Structures are given as C-alpha cells and as structure tokens.
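The block underneath contains the structure these notes are about, expressed in structure tokens.
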Amino acid sequence: MPRVRFAPSPTGFLHIGSARTYIFNWLYARHNAGTMILRLDDTDVERNTEASVNSIFDGLRWLDLPWDEFYKQSERLALHREVAWAIFGKGLAYRDFTPAAVGDSEKSGAQGTWLCNPGMRELSREESDRRAAAGEPFALRFRVPREQAGAVVFTDAVYGEQSKAYADLEDFALLRSDGMPTYHLASCADDADLRITHIIRGQEHLSNAFKHQLIFDAAGAEAPTFAHLPLLMAPDGMKLSKRVHGPVVSVTTYRDAGFLPHAFVNFLCLLGWSPKNDRERMSREELVELFTLEGINRANAVVNFTEENPFDAKALWLNAEHIRGLASDQLAAELLPFVPVGPEKMRQITPLIQERIKLLKDVQTVADFFFAEKLAPYDAAELVPKKGDAAMAKRVLERAREVLAGAEFTHDGLEGALRAAAEGLGIKAGQMFEPIRVAVCGRKTAPPLFGTLEALGRETALGRIEEAIAKLS
RNA sequence: GGCGCUAUCGUCUAACGGUUAGGACGGAGCCCUCUCAAGGCUUAAAUACGGGUUCGAUUCCCGUUAGCGCUACCA
C-alpha cells in the first residue's frame with residue numbers, strides 16, 4: 001500500500017504549483033488504494049506564519065480532496081535529532097564550528113562550487129567533543145564521501161536514472177547551530193518514520209534528492225521512490241511567483257473568481273500530465289482511474305495568462321464545460337454566494353445563463369438586470385432595431401406593452417404572442433425582439449428573450465418597457 | 001562558474017524508428033439562430049540548430065543554442 005505525502009512549508013499562501021503537487025499525490029494515493037498524508041514542514045520558525053497555515057488549509061479544503069493523516073514537523077524534533085546524531089555516531093556527519101554569519105554568498109562565488117568549510121570535516125572526534133563540551137556552537141554537517149570516486153544513484157519514476165558524483169555534492173547541514181533540524185534532515189527523517197513509499201514533488205527538488213538519498217542510506221532506511229514533477233512556469237518563462245506575477249498564482253484567486261473546485265483540479269492535472277488518449281474534461285473518478293506516474297511529462301508547463309486575461313483560456317474553457325455539465329439546481333446553489341438573490345429566483349435564472357458563463361462570478365455581469373432594482377442607464381439609440389428607426393422602435397414597444405399585458409407569461413405563450421405581433425406589424429421577428437430585449441435588459445446581448453421575460457415577470461417587464469417608451473418620446 | 005534537468009503548433013499535449021506529425025484551448029471562416037452563447041463543419045499553425053547511427057529518425061547517440069532548477073545553519 002503506497003503512502004504519499006504533501007509537505008508544504010507554511011511560509012506563504014497556497015501556490016497553484018503546490019496545489020498541483022497535492023493533487024498528483026492524492027490521485028496517486030487513490031489510484032493505488034494508498035494513504036494521503038499532509039505534513040506541515042514548519043522547521044523554519046523565522047518564516048512560518050499562521051496566515052500561511054490558514055491559506056494552505058483553506059486552499060486544500062476547497063479542492064475537496066481530503067487527506068488521510070496529518071502531521072506537524074515541528075512536533076517531531078526529537079526524532080529528527082535522533083536521526084542526525086545516529087548519523088554522526090556512524091561517522092557520517094561532523095560538527096562545523098564555523099560561525100553561521102560568515103560567508104554565505106561568498107562561498108559559492110564565481111570561482112566554483114562551495115563544498116565544505118576547510119578544517120572542520122577533518123577535526124578529530126576528541127577535538128570536536130571538547131569544543132562542543134565547552135559550549136561552542138556548531139552546525140552538524142553530512143560528510144559526503146567525496147574522496148571516493150563513486151556517485152549517488154537513484155531512479156526517478158519520472159526522470160529515469162539519476163546520478164551525481166560525490167565530488168559534486170557539498171557537505172550540507174543536518175542541524176543548525178541552534179539545534180533545529182534543516183529541511184533535508186527533517187524531511188527525510190519524517191519520510192522514513194512515516195514509511196512514505198513515494199515522494200512526489202516539484203522538480204526543484206530533483207537536485208536535492210541526491211542529498212536525500214544519502215541521508216536515507218546513512219540512516220539505514222530504504223529510500224522511497226522519487227517522482228519529480230515538471231514545474232509550472234509563467235508565460236515570460238519565469239517560475240511563477242506572487243511578487244512578479246501577482247495573485248494569479250494563488251489558489252484563492254481561482255476560488256474567488258468562481259472556478260468550480262473540480263474544474264480547477266482538472267485544469268491543473270493537464271499541466272505536466274496526460275492520460276495519452278486525448279481526454280481533457282474528466283471527472284474526479286476518471287482522473288483517479290487514469291492517473292499514473294508514467295503519464296507525467298518531463299518538460300515544464302506554462303500557465304498562459306496575461307494582464308488582461310488573468311486566467312488561462314483552457315482553464316476558463318474547462319470551467320465552462322464543468323458548469324454546463326452541472327445539474328441546473330446544483331449550479332444555482334453554487335451561484336448563490338455571488339449574487340444578492342434568493343434560491344427560488346436563482347433556480348429560475350440559472351438555465352438562462354448556464355451556457356453563457358465561464359466563471360461563477362460572471363453571473364454578476366451576465367444576469368445583472370435580473371437583480372437590479374433599476375436598469376443601468378443606456379442610450380435610447382440602442383432601442384432601434386436593425387434596419388429600422390426610432391419610430392419603429394416606439395411602435396414595437398407600444399405594441400409589446402399591449403401584448404405583454406394580456407399574454408400568458410410563459411416561454412411558449414410569450415413567443416407565440418410576440419411573433420404574432422411582429423407579423424401584425426409587418427416586421428421581422430428579430431426587429432420585434434430587439435427593442436424589447438434592450439428595454440428589458442438594458443443591452444443588446446442577453447439571454448434568450450422569452451425565458452428572460454418569464455423570469456423577470458410581467459410587472460417588471462412592463463415597467464421597463466414603459467421607461468423605454470419614455471426614452472423615445 | 002559548477003552540477004542536474006528539459007526542448008513537437010501561440011498555449012496544454014499525442015505519436016512500438018515507418019503517420020498526410022493527431023487532439024484540445026485560443027484565432028479565422030461558414031452553418032444554426034430572436035441578440036449572445038452553446039452546438040456542428042472548415043481552416044491557418046509545430047518536431048530549436050548541427051552532426052551521427054539506421055533502408056528509414058519527432059523518436060536513439062553526440063555537440064551547439066536556449067530555458068529551468070540546485071549550488072544557505074530557506075524550504
């Protein structure tokens with residue numbers, strides 16, 4: 001039974017790339033009847049924030065893909081230290097007494113790669129113990145066997161066989177001088193302890209995996225299978241970041257704009273993964289059924305957004321697809337939070353706009369005239385039908401006033417009455433409908449007229465026609 | 001700089017070494033039609049470059065170029 005984990009560090013809002021990583025882990029777990037573990041990797045006390053923790057929970061809960069187990073890394077420090085000292089005990093790590101402040105960026109200068117602080121890895125055990133006993137602060141570093149000719153080797157489920165010469169790996173830290181574990185140590189210690197079988201994460205960790213393999217080996221644990229995911233990029237080729245790309249990288253932005261959670265999940269799945277059978281729109285069950293590590297691509301994927309169009313066109317299309325696929329009543333319920341109207345009215349309006357919105361939020365602009373007490377001001381010229389004039393518009397509206405006063409106020413009743421009226425006036429049906437549509441909706445493009453009139457009701461419709469006639473006088 | 005990874009239409013992607021290089025979104029056009037959508041049909045659009053290997057390379061190998069990632073006592 002596979003056990004997978006998503007291990008975000010709570011140092012910012014939930015990123016769409018992180019959401020995708022979570023989704024892939026979740027799908028892998030469900031596809032293989034495994035366990036999905038959420039673990040907060042909060043060993044960086046300096047940068048952790050409560051707001052970030054909330055953002056992560058909010059985002060993940062919205063996706064509606066529940067996890068099975070939850071852990072907080074900060075509550076497992078004893079385990080991490082135990083693993084670190086066990087590695088030290090085997091002689092595979094050493095104390096580095098170099099003051100923390102010195103030479104961070106200078107280490108890896110243009111000269112070449114920084115590998116270790118000279119002198120420290122050669123310190124005798126006695127000397128090391130003596131200085132530690134004397135209270136001198138130190139970091140614990142992994143002793144990479146760079147004097148050996150070999151390499152660290154592992155097989156990535158996505159990228160295949162990976163190897164890196166020992167000589168190219170630096171002596172990375174396991175424990176900081178304040179005794180806190182580093183990410184590398186804590187992550188591996190926890191993965192081993194939680195019996196994680198597959199580490200599915202972003203490709204930015206591919207290089208780190210060599211270090212992790214070393215830690216698992218040193219700790220005497222069998223390393224999980226690594227599966228690295230291609231990264232999500234911005235159209236400018238840069239890694240997505242809130243700083244430069246704004247809120248489009250945050251999951252909550254999608255939620256607030258009215259993406260259906262599953263449509264969002266569906267979209268993210270198509271970035272860097274393919275079922276290889278041209279399927280695009282898929283239900284959750286289908287995704288679980290189709291998801292495999294073999295389907296994961298190796299090249300980075302760009303999320304195609306611009307300043308004018310903050311959402312990828314394909315994301316929008318998929319959302320519209322899923323909206324259309326919803327039962328009308330269900331969609332009405334989803335729409336409710338976006339608009340000041342009761343459930344009854346919403347259910348009546350929904351069928352009229354279901355095929356016309358890409359985002360739930362679009363209901364605010366597409367259906368505004370249903371909720372507005374008073375129509376937004378429009379130009380009287382809008383009332384004039386194609387190949388007609390103001391006089392025709394007025395004639396149409398005056399006739400409509402009579403017809404609507406008496407007609408049966410249903411889709412079919414209205415259509416019959418209005419078409420007959422057009423014939424009576426000797427004009428095309430379109431010329432009849434156009435002025436009425438504008439009078440009633442305040443604009444030329446709107447949902448189908450008869451259903452709209454029905455939903456609006458006789459009183460409102462007549463009132464708006466009256467106002468339009470006044471505009472023409 | 002060192003190391004690692006990647007490279008098919010604008011974007012997401014498909015293609016046991018043998019296809020007219022397929023699909024989707026978006027674009028253009030047509031049809032349908034009370035406007036707008038939705039739907040249907042048609043269309044433009046890609047194998048980064050150079051060498052190999054092979055009867056034959058999108059596919060395998062090498063190089064170049066470009067991009068990304070890692071190179072912290074961040075994760």
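All chains are named by letter (A, B, ...) in the order of the sequence lines, taking the proteins before the strands, and each is independently numbered beginning at 1. Quantities reported herein were computed from a predicted structural model and do not represent experimental measurements.
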With the side chain of [X] defined as its heavy atoms from C-beta on, choose the nearest nucleotide among [options].
{"X": "A:Lys314", "options": "B:rC12, B:rC73, B:rG26", "value": "B:rC12"}
{"X": "A:Glu355", "options": "B:rA75, B:rA24, B:rA37", "value": "B:rA37"}
{"X": "A:Ala301", "options": "B:rA7, B:rU13, B:rC36", "value": "B:rU13"}
{"X": "A:Arg356", "options": "B:rC25, B:rA37, B:rC34", "value": "B:rA37"}
{"X": "A:Thr445", "options": "B:rG69, B:rC73, B:rC36", "value": "B:rC36"}
{"X": "A:Tyr183", "options": "B:rU6, B:rA75, B:rC36", "value": "B:rA75"}
{"X": "A:Lys276", "options": "B:rA14, B:rA38, B:rA75", "value": "B:rA14"}
{"X": "A:Leu231", "options": "B:rU11, B:rG69, B:rG39", "value": "B:rG69"}
{"X": "A:Arg324", "options": "B:rG4, B:rA38, B:rC34", "value": "B:rA38"}
{"X": "A:Lys239", "options": "B:rC70, B:rC36, B:rC34", "value": "B:rC70"}

Under 3.5 Å for both donor-acceptor distances, Watson-Crick or wobble: does [N] have a partner, and if so which one?
{"N": "B:rC68", "result": "B:rG4"}
{"N": "B:rC30", "result": "B:rG40"}
{"N": "B:rA14", "result": "none"}
{"N": "B:rU20", "result": "none"}
{"N": "B:rC9", "result": "none"}
{"N": "B:rC49", "result": "B:rG63"}

Could you tell me how far apart [X] ([atom1]) and [N] ([atom2]) are, to the nearest whole angstrom?
{"X": "A:Met432", "N": "B:rC34", "atom1": "CE", "atom2": "P", "result": "15 Å"}
{"X": "A:Asn304", "N": "B:rG27", "atom1": "CG", "atom2": "C1'", "result": "13 Å"}
{"X": "A:Glu321", "N": "B:rG26", "atom1": "CD", "atom2": "C1'", "result": "14 Å"}
{"X": "A:Lys386", "N": "B:rU35", "atom1": "NZ", "atom2": "C1'", "result": "7 Å"}
{"X": "A:Met233", "N": "B:rC68", "atom1": "CE", "atom2": "P", "result": "6 Å"}
{"X": "A:Leu240", "N": "B:rG69", "atom1": "CG", "atom2": "C1'", "result": "14 Å"}
{"X": "A:Arg20", "N": "B:rC12", "atom1": "CZ", "atom2": "P", "result": "12 Å"}
{"X": "A:Asp171", "N": "B:rA72", "atom1": "CG", "atom2": "P", "result": "12 Å"}

Within the structure shown, what part of the strands sits under 4.0 Å from [X] by heavy-atom distance: base, sugar-phosphate, or nothing?
{"X": "A:Gly202", "answer": "nothing"}
{"X": "A:Gln162", "answer": "sugar-phosphate"}
{"X": "A:Asn297", "answer": "sugar-phosphate"}
{"X": "A:Phe450", "answer": "base"}
{"X": "A:His184", "answer": "base"}
{"X": "A:Asn208", "answer": "base"}

Would you check if the distance from the ring center of A:Phe369 to the ring center of A:Tyr378 is below 6.0 Å?
->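 No: the rings miss the under 6.0 Å criterion.
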Most 5' of A:Asp41 and A:Leu449 on RNA chain B, judged by nearest nucleotide =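 With A:Asp41 and A:Leu449 compared, the 5'-side residue is A:Leu449.
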Test item: side-chain donor near acceptor, A:Thr98 and A:Asp96, under 3.5 Å = yes
Salt bridge (Lys or Arg N to Asp or Glu O under 4.0 Å) assessment of A:Glu402 paired with A:Arg399 | CA-CA 5 Å; A:Glu402 294 169 35; A:Arg399 183 80 186 93; 3.1 Å; yes
Side-chain-base donor-acceptor pair under 3.5 Å for A:Asp278 and B:rG22 =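 Indeed, a donor on one side and an acceptor on the other fall under 3.5 Å apart.
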Any donor-acceptor N/O pair, A:His212 side chain to A:Ala223 backbone, under 3.5 Å |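 Absent.
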Using modelled atom types only, decide if a donor and an acceptor are shared between the side chain of A:Arg281 and the backbone of A:Asn266 within a distance under 3.5 Å.
-> no
Output yes when at least one side-chain N/O atom of [X] is less than 4.0 Å from OP1 or OP2 of [N], else no.
{"X": "A:Arg141", "N": "B:rC73", "value": "yes"}
{"X": "A:Arg201", "N": "B:rA75", "value": "no"}
{"X": "A:Arg419", "N": "B:rC34", "value": "yes"}

Partner of A:Asp171 under side-chain hydrogen bond (donor to acceptor under 3.5 Å, both in side chains), chosen from A:Arg143, A:Arg121, A:Arg141 | A:Arg121
Is the shortest distance from a Lys or Arg side-chain nitrogen in A:Asp190 or A:Arg5 to a carboxylate oxygen in the other one below 4.0 Å?
->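 A salt bridge is absent here (no side-chain N lies under 4.0 Å from a carboxylate O).
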